[in-house]
Amino acid sequence: MDHLQLAAHTFSSRLILGTGKFSSAALMLEAVKASGAQLVTVALRRFNREQLEDDLFGPLSEMPGITLMPNTSGASTAAEAIKAAHISRELSGSPFIKVEIHPNPQHLMPDPIETMEAARVLASEGFLVMPYISPDPVLAKRLEDVGCASVMPLGSAIGSGQGLASAAMLSIIIRESSIPVIVDAGLRAPSEAARAMEMGCSAVLVNSAIAASDNPAEMAAAFRDATDAGRRAFKAGLMRESSEAVATSPLTSFLGEQS
Amino acid sequence: MQLKKRAKEIVQKSLKMITIQLNGEPESLPEASALSDLLAHIGSDGKTLATLVNDQVVRPPERTAHILREGDRVEILVFAGGG
């Protein structure tokens with residue numbers, strides 16, 4: 001079977017779902033179900049007694065086959081991310097941590113230096129580190145060297161819906177990487193998830209495109225199918241591109257042709 | 001109802017109160033309250049919460065024995081939606 005392998009963990013789904021920005025917890029849970037996702041991200045936040053429905057741990061942990069991947073969003077330094085990771089592991093029991101360190105709320109670009117430091121420490125502590133990074137092939141390789149379980153380069157800025165603006169860089173990362181490459185952030189349409197998978201990504205992480213849809217569950221199902229289609233196409237092998245037309249029908253022996 | 005409220009006030013006055021910082025906001029509690037009492041006070045069974053006192057994680061089995069003191073900084077955290 002063709003499974004996503006993250007360290008010793010095996011997943012049949014290659015679509016990872018983010019749980020932010022849904023208009024209700026019920027819609028989010030429906031989308032998780034429809035997506036077939038087995039890994040879902042959550043964020044650590046202060047308890048708010050006026051917003052008890054914010055607490056997603058209960059409902060998500062009751063869903064069969066779901067593994068939580070807490071993120072460190074809100075952290076702007078390695079030290080903050082490490083602290084968030086420790087608390088998250090305490091609460092979730094999950095070894096997965098999405099290291100996400102973005103100091104600037106305007107562009108939300110990940111800080112490579114702090115990310116590298118947090119990843120190094122957390123990997124040495126036994127976390128399965130999934131770092132959210134800019135599409136930098138050198139950084140990706142350095143993160144692999146310190147024991148990350150995957151690298152998660154962005155397709156484009158978080159929540160921007162600009163798709164695979166980083167495609168050329170992603171291709172290099174995919175070619176060079178010995179660990180799974182997961183496109184995280186920026187996807188808008190299922191066709192972009194399919195393209196990422198056709199390029200050889202191991203999985204895609206999608207949130208805004210599904211949460212901001214008029215029908216999140218339906219969009220989640222569309223992303224599920226597109227991710228599967230892209231993966232199958234990659235495994236089957238795409239035909240070589242040619243700068244010239246190559247006929248599919250015989251061009252000789254046509255009606256009335258003089259022999 | 002008025003009587004019940006009054007009774008509560010009398011009980012509270014007879015107890016010495018302390019003030020802690022709960023998620024950055026002041027919160028009054030009877031002296032010698034445990035962390036588990038605080039969770040009951042905010043209406044949670046604590047199963048889906050992480051708790052820290054003065055930056056140290058306090059695990060669920062330790063919450064009943066963990067007595068809060070004046071000025072303690074208590075953080076209660078949950079998993080919310082995030083990408």
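Protein chains get the first letters and strands the later ones, always in sequence-line order, with residue 1 at the start of each.
- For the pair B:Ala80 and A:Arg45, the tightest heavy-atom approach, listed with the atom from each and the gap, is CB-CG, 3.9 Å.
- The side-chain contact (heavy atoms from CB on, under 4.5 Å) test with B:Leu52 singles out one residue from A:Glu90, A:Lys83, A:His86, and that residue is A:Lys83.
- The main-chain N or O of A:Phe47 is found under 3.5 Å from a side-chain atom of B:Asn23 such that the two form a donor-acceptor pair.
- How far CG of A:Leu91 is from CZ of B:Phe79: 4.5 Å, rounded to the nearest 0.5 Å.
- With a 4.5 angstrom heavy-atom cutoff, A:Ser92 touches chain B via backbone and side-chain atoms both.
- Contacts between A:Ser61 and chain B at a heavy-atom distance below 4.5 Å are absent for every atom of the residue.
- The residue among A:Leu44, A:Leu68, A:Val206 with the most heavy atom pairs within less than 4.5 Å of chain B is A:Leu44.
- For A:Glu218, the CD atom counts as loosely surrounded, since its 6.0 Å shell holds 12 or fewer non-hydrogen atoms of other residues, nucleotides or ligands.
- Here the CG-CZ distance, from B:Leu77 to A:Phe57, works out to 13.0 Å after rounding to the nearest 0.5 Å.
- Per-residue counts of heavy-atom pairs under 4.5 Å with chain B were compared for A:Ala185, A:Ala211, A:Ser88, A:Gly159; the largest is that of A:Ser88.
- Contacts between A:Lys21 and chain B at a heavy-atom distance below 4.5 Å are absent for every atom of the residue.
- When the shell of 6.0 Å around CZ of A:Arg188 is examined, it contains 12 or fewer heavy atoms from other residues, nucleotides or ligands.
- Heavy-atom pairs under 4.5 Å with chain A peak, among B:Leu49, B:Thr51, B:Thr48, at B:Thr48.
- Across all their heavy atoms, A:Ala43 and B:Gly82 have their closest contact at CB-CA, 3.9 Å.
- The line from CG of A:Asn48 to CD1 of B:Ile76 is 11.5 Å long, rounded to the nearest 0.5 Å.
- Contacts between A:Leu17 and chain B at a heavy-atom distance below 4.5 Å are absent for every atom of the residue.
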